[in-house]
Amino acid sequence: MASIPRRERYSSVALSGGAKMATESDQRDRGFDHTEIEPAWQEAWAEADVFRIPDDAEDPAYVLAMFPYTSGNLHMGHVRNYTITDAFARFERMRGEEVLHPMGWDSFGLPAENAAEERDTNPRDWTLSCIDSMREQLTRMGFGYDWEREVATCDPDYYRWNQWLFERFHEEGLVERQGAELNWCPSCETVLADEQVEGEDELCWRCDTPIETREMDQWFLSITDYAEELYEALDDLEGWPNNVREMQRNWIGKQEGASVAFEIPGYGEVDIFTTRLDTIYGATYFSLAPGHPVAQEIAEKNDEVAEYVEMAAAADEDELDVTSGVFTGEYAINPATGEEIPVYVADYVLTDIGTGALYAVPAHDDRDHEFATAHDIPIQQVVEPTEDADIDPEEIDIQEAAYTEDGVLVNSGEFDGLTSEEARERFVEEFDGEHRTEYNLRDWGISRQRYWGTPIPMVWCDDCGAVPVPEEDLPVELPEFVHTTGNPLDAAEDWKHVSCPECGADAVRETDTMDTFIGSSWYFLRYVSPGLEDAPFDSERASDWMPVDQYVGGIEHAVMHLLYARFFTKVLDDVDLLDGIREPFENLTNQGMVLGEDGNKMSKSRGNGVSPQRIIDEYGADTARLFIMEAAQPEKEFAWSGEGVRSAHDFLQNLYTLAVEYETGEVTTADGGSDDDAAIAEYVAREIEATVASATAEYEDFRFNHALQAVRELVSLLRRYREVTVVDPETFEDGLVTATKLLAPVAPHVGEEIWDELGNDGLLVEAVWPVAETPEGHILERRLIEDTREDVRDIIETVGIEDPAEITLAVASAWKHQVADVARDAENVVPAVMQNEELQRYGEEAADYAKELAGRGHVEEFLSPDREQAALDRAAWLIEREFDADVTVLAAEDAPDDLASKAEPGRPAIDIAE
RNA sequence: GCGAGGGUGGCUGAGCGGCCAAAGGCGGCGGGCUUAAGACCCGCUCCCGAAGGGGUCCAGGGGUUCGAAUCCCCUCCCUCGCACCA
């Protein structure tokens, strides 16, 4: 795999280089050529089938990236996403886990139709070619997937199961046909689910076109049946980011409250929903949404109301003022007071929130207050702050502004003095209401008036109504695509006309297709048994392999995809297709954005985009992967940096070169050298162990940048090691091998190349992850060395020593360590030390030191004198090298008294001679 | 408005009760290696200091503690999500 040994290449450069500057390509010739090694190793992995996971694997680590939409292009966001999962999967694999790391294609959707229109082809061919191209790009990045498990949602063998599941849902009573006012995207010419409408401006999630509303009959999945569990279970999803859980909570919008009926004479009882039943005595008017049935009824008799209702229906969202509304002339009876309060129809009351009707309490609700003020409705206070509240009840002027906090009841008849909380509980019974929980979540409208999706397997019969297509006739395949302005399925006459499965009469197929999010709601189950022909997935295996252990993808799916997938999983468990799996994704990571070099979001208009293709061509996949992983922790955003890319590339080249130099004998080695050399080797060996321990922990915690930082430090140490002395071959090679292994999940191609170069058998991808504990005392030791080096620097600098010749370090005597040990645990340090018989011998000295420690308030942990000395011995070379001076490390008893007496635990005495 | 997450040195960013003047990277400065360049290596990069010392410091203010960048409260600012939600 590796080409020419480095030496030959080097000499060829030397021959041709002469005095002129080496070109970039010359430099590259000294290291590896990524265009050569990357495809070669990709082929080697494929041949060895290393990413394949057998069906009989038991509970493998399931590492999953959100599958891409088949746009045809891999962008940096994808590269980051897939680098993270690939690195983690490779890490787990090297640790001996069986790993399920599959890939597939979210391949239905409108863009394919648009592309087909533009290119005079059809969505299928277009999509299939996109898939081929994206698979190729993923492979070039070196991502290791089990391609035998590849799935594509546009494949009839896949979407037949969307249909089959739709019918199962139907049988379970989870499919409903509802007429509703729906979000219509005029550009996509289809309806959208609420989740697919974004922001205040109400834009289509795909094309950013402002949404219109349309009244249509639609197929809905009853996700609201699961609202409670979807909401409550979020608390236990501890492996999920808080913001995603919070977004889902927001979206589901659980509200605990109560409903109470108000009588409107002539119109019967009207249910209201409220979270503030405690304020019922303060209700001074009653308000109906324009869409409320009673409002409609009143409109029939009252022209003014009719006019308002009509206007409200026609008006756009924000067109009407918040105080707009009309008095109906009717009165409602407040069940608490028995009083009649005027009934208004007001646009600020929303039809689909609560019951679409409410009693208004201007004194304790901001919107009601505003409305009451505008309409000259009385404002009656019924709650005042509790005594321990921050606000003085005297300061509250409810004519000026509503007091919306909980408090104590006033003006509420016999209930005065109850707290808000008590009143809410009490009033439910008192006024014949009931506890009620409302959710914001609406049912999931899945009908789309588009071609490139899963046909909804229903047939419309004049006599039988909507009839499901019999299971044996699935899949209902898409007909040939035709170019048309409307829905191509509507135009497919032959396809559309069928006989009714129930009565055999002439009937027509449902021409709407399913929301593409149906396909992504269970694809993670299909990977378990992708070819299965008689069920969507193998239930037993899925129950064993699920949930997904690590799921990584963009935050844009926080509500839509992730909520739908949770919903599907729960339903599938309830219909026994799964066994006890209630949640699909145990741990979730949302990778941050990759910004352009200017710190802004990459975009065509800014021209700050970086194409993965170009980076692979120029620097190779490993460089791109390493740069991305070093740049930031997965969930953080970072800006692309040419400098960073080059740095990653240089590092890989340097490590490779170091390995080659070692292998070709350019690194001078000697077995069992001097004592000094042995000490240095031991230092290096301990650092190797420490690096393994910390890098492993960082990989586990998804802090790849920290792991990689540790690897860089190790490699830097190895370089210094070989510079300062003849190296111990075993230690040095262990260092190289360790660094290579720790790097393997991120830079797998270069890793294999080095692995091979060092003469190892087999593939690195299948090698065993190193295991080591942080050497005992390593942290204290590192601190000691760093402090000491810094002190030496400080002294040389402050004193202005030109050329230090001899540095003597003396460890503190054993009794000082003992004083510190006693002091650490003592309440009263000085007495504790002086009462210690052993320490009494040191009299004044011990007392003085004890006083000093007592003054610090806290005594740190220290190494014992022996271990301090040993640690300094091992690290002496670093000091010698830095200051170009001889270094002597002495035990207290071997050092001159005046020196030794200056030493403290963790702080050797330092003498520097010029 | 409600909710979540944040505000750390020239920048980026770790730390989240003592070992913190605060990791790493970038940038800047000086030095080594080299015919030279790159790469690599060694320092410095808040202020004062002729032996490891002292001062100030982690958005602002207050508090808890022997001790706070780290915990609590208030204020200001940023980012994200939801929002005429009864």
Side-chain angles (χ1 to χ4, degrees), chain A residues 19-22 24 26-27 30 198-200 241-251 253 255 257 272-276 279 287 289 317-318 320-324 346-350 352-361 365-368 370-371 404 438-440 555 558-559 599 630-633 636-639 641 643-644 647 650 653-654 657-658 703 705-706 708-710 712-713 716 719-720 723-724 779-780 783-784 786-788 790-801 854-862 878 881-884 902 906-912:
Chain A
K20 81 174 198 292
M21 249 176 66
E24 204 176 330
D26 283 337
Q27 281 173 39
R30 297 184 195 179
E198 292 181 335
E200 210 164 335
N242 276 335
N243 63 330
V244 174
R245 292 197 280 173
E246 196 56 31
M247 282 163 78
Q248 293 213 352
R249 277 192 203 104
N250 263 332
W251 189 260
Q255 287 262 327
I272 60 91
F273 172 77
T274 178
T275 55
R276 291 298 304 274
T279 63
S287 205
E317 193 78 359
D318 297 318
L320 291 177
D321 194 82
V322 283
T323 60
S324 95
D347 189 56
Y348 84 88
V349 182
L350 306 179
D352 55 357
I353 303 294
T355 61
L358 53 83
Y359 66 74
V361 185
D365 180 277
D366 291 324
R367 283 178 324 273
D368 295 349
E370 209 176 332
F371 190 90
T404 57
E438 286 283 319
Y439 301 92
N440 248 348
I555 186 72
V559 173
E630 281 186 317
Q633 290 171 25
K636 307 230 163 164
E637 64 177 25
F638 70 86
S641 144
E643 191 74 42
S647 158
D650 291 345
Q653 289 289 9
N654 288 332
T657 305
L658 189 62
R703 286 191 301 230
N705 56 336
H706 290 181
L708 294 166
Q709 187 183 315
R712 276 196 187 239
E713 280 166 18
S716 162
R719 270 196 298 256
R720 276 175 283 159
E723 264 177 34
V724 75
I779 296 169
L780 291 175
R783 171 119 260 124
L784 171 73
E786 273 171 22
D787 286 351
T788 306
E790 199 146 329
D791 284 344
V792 173
R793 264 173 227 141
D794 226 10
I795 294 167
I796 288 174
E797 167 92 18
T798 321
V799 178
I801 297 170
R856 291 183 203 167
H858 169 82
V859 182
E860 299 153 25
E861 297 278 338
F862 300 112
L878 289 167
R881 183 163 178 270
E882 180 175 340
F883 302 101
D884 196 22
K902 288 187 203 153
R907 188 141 221 225
I910 299 167
D911 180 73
I912 302 169

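Residue numbering restarts at 1 for every chain, and letters A, B, ... go by the order of the sequence lines.
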Could you tell me how far [M] sits from [N] if I compare only their [atom1] atoms? Round to whole Å.
{"N": "C58(B)", "M": "G7(B)", "atom1": "C1'", "result": "10 Å"}
{"N": "C80(B)", "M": "G28(B)", "atom1": "P", "result": "32 Å"}
{"N": "G6(B)", "M": "A69(B)", "atom1": "C1'", "result": "14 Å"}

Write out a two-atom table: protein N or O, nucleotide N or O from nucleotides 27-33 of chain B, distance below 3.5 Å.
| unit_1 | atom_1 | unit_2 | atom_2 | d |
| --- | --- | --- | --- | --- |
| G27(B) | OP1 | Glu643(A) | OE2 | 3.4 |

Residues forming a salt bridge (charged side-chain N to carboxylate O under 4.0 Å, His left out) with Arg881(A), sequence neighbours excluded: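 So Arg881(A) forms a salt bridge (charged side-chain N to carboxylate O under 4.0 Å, His left out) with Glu723(A).
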At 4.0 Å (heavy atoms only), tell me whether [X] reaches a base, stays on the sugar-phosphate, or touches nothing.
{"X": "Val361(A)", "answer": "nothing"}
{"X": "Ser647(A)", "answer": "nothing"}
{"X": "Glu861(A)", "answer": "nothing"}
{"X": "Glu882(A)", "answer": "sugar-phosphate"}
{"X": "Arg712(A)", "answer": "nothing"}

Shortest side-chain distance from [X], nucleotide among [options]:
{"X": "Glu713(A)", "options": "C42(B), A14(B), G24(B)", "result": "G24(B)"}
{"X": "Leu358(A)", "options": "A86(B), G52(B), C42(B)", "result": "A86(B)"}
{"X": "Ser716(A)", "options": "A14(B), A86(B), C41(B)", "result": "C41(B)"}

Send over the distance from [X] [atom1] to [N] [atom2], rounded to a whole Å.
{"X": "Met247(A)", "N": "C80(B)", "atom1": "CE", "atom2": "P", "value": "12 Å"}
{"X": "Ile796(A)", "N": "G43(B)", "atom1": "CD1", "atom2": "P", "value": "12 Å"}
{"X": "Phe862(A)", "N": "G18(B)", "atom1": "CZ", "atom2": "P", "value": "15 Å"}

5′-ward residue of the pair Lys636(A)/Gly354(A) relative to RNA chain B: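 Whichever sits nearer the 5' end wins; that is Lys636(A).
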Those residues that, when tested against Phe862(A), pass ring-ring contact (aromatic ring centres under 6.0 Å, His included) (two or more places apart):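 Per chain and number, Phe862(A) pairs via ring-ring contact (aromatic ring centres under 6.0 Å, His included) with no residue.
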Set of ring-ring contact (aromatic ring centres under 6.0 Å, His included) partners for Phe273(A), sequence neighbours left out: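 Here no residue qualifies.
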If you restrict it to nitrogen or oxygen atoms, what contacts under 3.5 Å exist between nucleotides 3-11 of chain B and the protein, and what is each distance?
| unit_1 | atom_1 | unit_2 | atom_2 | d |
| --- | --- | --- | --- | --- |
| G3(B) | O2' | Glu246(A) | OE2 | 2.5 |

N/O donor-acceptor pair, side chain Asn440(A) with base C82(B), under 3.5 angstrom: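 Between C82(B) and Asn440(A), which were checked side chain against base, a qualifying N/O pair under 3.5 Å is absent.
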Phosphate-side-chain proximity, Ser287(A) and A86(B), N/O vs OP1/OP2 below 4.0 Å: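 It does not, given that no N or O in the side chain of Ser287(A) lies less than 4.0 Å from OP1 or OP2 of A86(B).
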Polar pairs (N or O, both sides) under 3.5 Å between protein and nucleotides 44-51 of chain B?
| unit_1 | atom_1 | unit_2 | atom_2 | d |
| --- | --- | --- | --- | --- |
| A50(B) | O4' | Thr798(A) | O | 3.4 |
| A51(B) | N6 | Ile912(A) | O | 3.2 |
| A51(B) | N1 | Ile910(A) | O | 3.4 |
| A51(B) | N1 | Ile912(A) | N | 3.2 |

Between Arg712(A) and Ser647(A), a side-chain donor and acceptor under 3.5 Å: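 Looking only at side-chain atoms, Ser647(A) and Arg712(A) do form a donor-acceptor pair, the distance falling under 3.5 Å.
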